[in-house]
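Below is one structure, written out as structure tokens, with a few remarks after it.
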Amino acid sequence: MSERTFYITTPIYYPNDKLHIGHAYSTTVADTLARYKRLQGYDVFYLTGTDEHGQKLQRKAEAAGKDPQSYIDGIVSWIQRLWERLDISYDDFIRTTEPRHKTVVQEIFTRLVSQGDIYLADYEGWYCTPCESFWTERQLHEGHCPDCGGTVELVREPSYFFKMSKYADRLIAYYEEHPEFIVPESRKHEMLNNFLRPGLEDLCVSRTSFSWGIPVRENPEHVVYVWLDALTNYITALGYLSQDPILRERFEHFWPANVHLMAKEIVRFHAIYWPIFLMALDLPLPKQIVAHGWLLMKDGKMSKTKGNVIDPNLLIDRYGSDALRYFLLREIPFGQDGVFTPEALMERLNFDLANDLGNLLHRSLSMLGQFCEGVIPAAGTITALEEEVAALAVQSAKQVEEALDRYDFAGALSAVWNLVRRGNRYIDETAPWALAKQQDVNRLGTVLYTVFEALRVISVLLQPFMPKTPHKMWEQIGIEPGEFTTWASAKQFGLLPSGIQSRKGDPIFPRLDVRAEVEALDQMMDQKQGASIVSEQVQGSSTTEIPAAEKADAEMTGVAQLIQIEDFTKVDLRVAQVIHAEAIPKADKLLKLQLDLGTEKRQVVSGIAKYYAPEQLVGQKVILVSNLKPVKLRGVESNGMILAASVGEQLVLATVSGDIPLGAKVK
RNA sequence: GGCGGAGUAGCUCAGCUGGUUAGAGCAUGCGGUUCAUACCCGCAGUGUCGGGGGUUCGAGUCCCUCCUCCGCCA
């Protein structure tokens, strides 16, 4: 294991409802940092998860006629599916209802009681159920909850309290000794001026008004306060106080966290309560609390009632996960609020991705095909111009790191795009088509080599932000992930070997019809929740209860069972030939197939062993779903799926009716 | 009311510890190019850097004050 570790967390999300692009933003930001650190060679642990307790969830489940856990399970699997679709590379997903979390929280609570940091006393206050918050008399706004304006009820109950005041001075000192602790710094001032300096009140850390929580072991009518429960996920997930020595070791290895990432509204819990809990447990404090802004909609904060939420799945369906990630990271100045508008999204996708990056790759490959038979030439004489491009590439790589180190994602991407634009300009300046006409092979070689080397650097630098795009670029350029795609390789210009056979494909980002897309997106938002139901039914993955009103809404639109042509074109079907087939030991249904797609060979595992003997298959032409995410079946990697028709116990392979080259697209 | 942040080209924003003619992208106008996804490249701009005062040889960048917006708290 590497010496350098990097532990990063997102907040654990509250699964009372489906998530929106604001949550996707937090998680994407954390993912980008996790990927960046992995590329730099850090031993990274990236944690996300769900915060599954609380009265709100209990009531929501009741309203849906379900027990809380099964209600939550449905939403959690929806969330996990979303993260999968967004290429979120988390190392663990913690759910606060898991035993590994609950038992440790109970143990922590017991310990804090026994050392006197938590004590039992009477609590009286005004309670707002939707907000799960207690308010003092004077905090109320005309007798109503100052947060939501709802009704409050006077509650008196014996409760456990945490002695916050005992640790306040130590925390202030910690802030002073660690000026980087809270990012951005203005949040630190808020903490100091509003809470720490005026004096912390003891925090009520238990509830008796509902039962959906972690029971206090020595007094089970009490459940642990949601924040004490939720925040500790950051240590329970790693293995704090685990029975398993390997997990305990993991905790020692990664704790303290390098970054707790979150939106600004929960900074207070992370910057005050959490460090104090940790002090009481005698654990080191996290290195940084990093707060980002909100993603707002045109008409303000996202909210279900405003009907301005947009299901991230719809955007992924339409534009792809990389495009969505790019937009989020590029458009929102980190730390500030950003505004989501269909127009802004379209501009970013068309201008930056399609016109600048996609077109640069495409035009370069096109020239390479026409002038060099698709083979990357050796560079000839290097002039000052090439040196300038090379210098910019190296500089861009450094700027990306500097920007990422200060959480300036927009700045990092803009550094990459400087290089993209320089690439386009370089092509104009050198006019390879003219060089080809003049048959200036030496100069043409230099120019095209330089262009592709710049593209290689660009692809390497994009890895943290857009996980799929670099692979698409490499595939078309003709390089395999390896020594030319490492993070460090971006700082060296001239690594790309010559003689590579490129494989020009479709443009990696299609140019979009702005007007049509804006209209479609506006409509999606107008449809409110109906829109996400359509998406779910297409995916067939939801176990979430759909309220009747929303069901009716979906039925009225009448399109739930239809798919768009775009949905179909996402599936890349190819003609392939079986060149080898063998049974997989201990798997009576599976065969391991080697396929020839013309341009490449593929290994696919197929569940057709009951119907076909391996020798029957060799030579057969089949239809391959070529862009299916790779999986391991019985430990054997499968890169795609072949199509077959089946009914009952009958199954036949789908094939082509005439002669056509391998790799031909089926549509 | 207390504390903090922000106000820079039509729009979205960059401008670190004060230093030569204030920048980028988009939008606008003109021109070039044809390898490319009607794409790309060049040129042209416009800005009293919220208003006013001050410190300084010199301030968008520091200080004071006022206006507007936002955040946290009460």
Side-chain angles (χ1 to χ4, degrees), chain A residues 135-141 146-147 182 184-201 263-269 271-272 291-294 296 298 300-301 327 330-341 343-372 374 399 402-403 406 408-418 420-437 444 447-448 451-452 455 476 504-514:
Chain A
W135 305 102
T136 58
E137 186 83 44
R138 54 186 305 238
Q139 281 179 312
L140 299 179
H141 278 183
D147 236 22
I182 301 173
E185 210 181 354
S186 58
R187 299 287 161 202
K188 177 166 81 180
H189 297 143
E190 288 178 2
M191 298 304 122
L192 284 167
N193 294 334
N194 294 323
F195 304 106
L196 288 170
R197 290 196 179 121
L200 279 180
E201 285 173 27
K264 58 188 182 181
E265 80 277 8
I266 53 173
V267 169
R268 177 176 141 197
F269 303 99
I272 295 178
H292 62 74
W294 285 334
L296 305 171
K298 275 182 282 206
K301 206 176 161 181
F327 174 78
R330 175 64 238 255
E331 186 69 12
I332 302 164
F334 191 76
Q336 298 179 41
D337 293 347
V339 182
F340 175 90
T341 64
E343 291 82 359
L345 178 66
M346 283 312 112
E347 285 179 10
R348 287 296 173 197
L349 303 194
N350 263 354
F351 297 136
D352 297 358
L353 297 183
N355 294 354
D356 290 347
L357 176 62
N359 187 46
L360 175 63
L361 176 66
H362 199 246
R363 70 192 297 209
S364 304
L365 285 162
S366 179
M367 285 188 283
L368 196 64
Q370 289 171 51
F371 309 145
C372 302
Q399 286 175 340
E402 285 163 11
R406 54 172 198 270
D408 179 7
F409 301 95
L413 283 169
S414 124
V416 178
W417 256 258
N418 270 341
V420 172
R421 293 207 177 85
R422 190 66 189 88
N424 276 319
R425 192 149 49 91
Y426 175 76
I427 290 174
D428 276 32
E429 286 164 351
T430 54
W433 51 92
L435 297 171
K437 214 175 236 175
L444 183 63
V447 168
L448 287 180
V451 167
F452 278 93
L455 277 164
Q476 296 204 5
K504 184 183 169 190
D506 292 333
I508 53 175
F509 293 103
R511 197 176 155 78
L512 303 160
D513 179 340
V514 174

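The model shown is predicted, which means the values in this text are computed figures rather than measured ones. Below, chains carry the letters A, B, ... as their sequence lines are ordered, and counting in each starts from 1.
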For [X], all residues meeting salt bridge (Lys or Arg N to Asp or Glu O under 4.0 Å), sequence neighbours excluded:
| X | value |
| --- | --- |
| A:Arg422 | A:Glu388, A:Glu429 |
| A:Arg197 | none |
| A:Arg348 | A:Glu331, A:Asp352 |

Next item on the list: For A:Gln476, check side chain to side chain contact (heavy atoms under 4.5 Å, CB included) against everything at least two apart and list the hits.
Entry: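 Checked A:Gln476 against side chain to side chain contact (heavy atoms under 4.5 Å, CB included); matches are A:Leu361, A:Leu365, A:Ile508.
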
Next item on the list: For RNA chain B, just give me the dot-bracket, please: Watson-Crick or G-U, both distances below 3.5 Å, ( ) intra-strand, [ ] crossing earlier pairs, | paired with another strand, . unpaired.
Entry: (((((((..((((.....[...)))).(((((.......))))).....(((((..]....)))))))))))).

Check: So, does the side chain of A:Asn194 form a donor-acceptor pair with the base of B:C72 at under 3.5 Å?
Finding: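 Answer yes: a donor N or O sits under 3.5 Å from an acceptor.
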
Check: If you check every side-chain atom of A:Asn193, which of B:C35, B:U37, B:C3 has the closest atom?
Finding: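 The answer is B:C3, which lies nearest to the side chain.
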
Next item on the list: When you get a sec, tell me which of B:C40, B:C73, B:C35 is the closest nucleotide to the side chain of A:Trp433?
Entry: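 Comparing B:C40, B:C73, B:C35 against the side chain of A:Trp433, the answer is B:C35.
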
Note to self: In whole Å, I'd like the distance from the CG atom of A:Asp356 to the P atom of B:A24.
What the structure shows: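 The distance from CG of A:Asp356 to P of B:A24 comes to 15 Å, rounded to the nearest Å.
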
Next item on the list: With heavy atoms under 4.0 Å as the rule, sort A:Pro507 into base, sugar-phosphate or nothing.
Entry: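 Base contact - A:Pro507 has a heavy atom under 4.0 Å of at least one base atom.
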
Note to self: Does A:Phe509 reach a base, just sugar-phosphate, or nothing at all? Heavy atoms under 4.0 Å.
What the structure shows: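 Since a base atom lies under 4.0 Å of A:Phe509, the category is base.
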
Between the protein and nucleotides 5-16 of chain B, which nitrogen or oxygen pairs come in under 3.5 angstrom?
from, atom 1, to, atom 2, distance (Å)
B:A14, OP1, A:Gln336, NE2, 2.8

